[in-house]
Amino acid sequence: MDEAGAAGLRPTLPEWAIVTPARREHIERVAELAARWALDMGVPENERHRWLRAVWLHDALRDAPDGELARLAPSTPGPLELRHGPASAARAKAEGETDRGVLDAVRYHSIGLAEWDMVGRVLYCADYLEPGRKHEREWRADLARRFPSEPALVLGEVARARVGHMIGSGRPLLEPTVRFWNSLVAASSASS
Ligand SMILES: [Fe+2]
Ligand SMILES: [Fe+2]
């Protein structure tokens, strides 16, 4: 990314991040997508900044050693790979991040949360729809294009895919994921 492009995606990775170069590229693509949506949706600068803070934080500890993740997120249920969100949220909070919506977006980005504000919804969708992921490219690109005009519909589609994937892999659904999914079903049946 050139310098002007990088500046437009401020902030950037926190200095305590532990990520591989490939991970950093994923995070940059998520930031680019979220920034494009912010522009298309005409959100104010401070809201855009909240989206980007969550993006830069979400996988900041994705490649940290297991011991570090366990120390920062000792009570996270489920497999170890689900600890990086809670661990990063804990670290960000310790470093002075106070925005509840940003912290919840980061903490629950792998599993979903019924109470999310727009930050959590944007991160959950952009993380999944960024163009670097290999499978179902056209489907992803189409949903990424539609997010600014139909965010609730796209969130529902992304959740259907992500929750479906968890079920398909035989993993149990954690309680926040069940509540998240049910909240989306309730919202869509109320609006139809
Ligand atoms: Fe992640
Ligand atoms: Fe991610």
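Counting starts at 1 for both ligands and their atoms, following the listed order.
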Give the intermediate values and the outcome of side chain to side chain contact (heavy atoms under 4.5 Å, CB included) for residues R162 and D127. CA-CA 11 Å; R162 294 185 63 164; D127 192 17; 4.3 Å; yes

Closest N/O/S atom of D127 to the Fe ion (ligand 2), by atom name? OD1

For atom CZ of R171, decide whether the heavy atoms of other residues, nucleotides or ligands shown that lie under 6.0 angstrom number more than 12. yes

Could you confirm whether H84 has any N/O/S atom lying under 2.8 Å from the Fe ion (ligand 1)? yes

Can you tell me which N/O/S atom of D59 has the shortest distance to the Fe ion (ligand 1)? OD1

Under 2.8 Å from the Fe ion (ligand 2), is there any N, O or S atom belonging to E130? no

Under a 4.0 Å threshold between the charged nitrogen and the carboxylate oxygen, would R36 count as salt-bridged to E32? no

Decide if the gap between the ring center of F180 and the ring center of Y124 is smaller than 6.0 angstrom. yes

Does W56 form a side chain to side chain contact (heavy atoms under 4.5 Å, CB included) with R10? I'd like the steps, not just the answer. CA-CA 9 Å; W56 287 113; R10 267 198 291 259; over 6 Å; no

Would you say H109 reaches the Fe ion (ligand 2) with an N/O/S atom under 2.8 Å? no

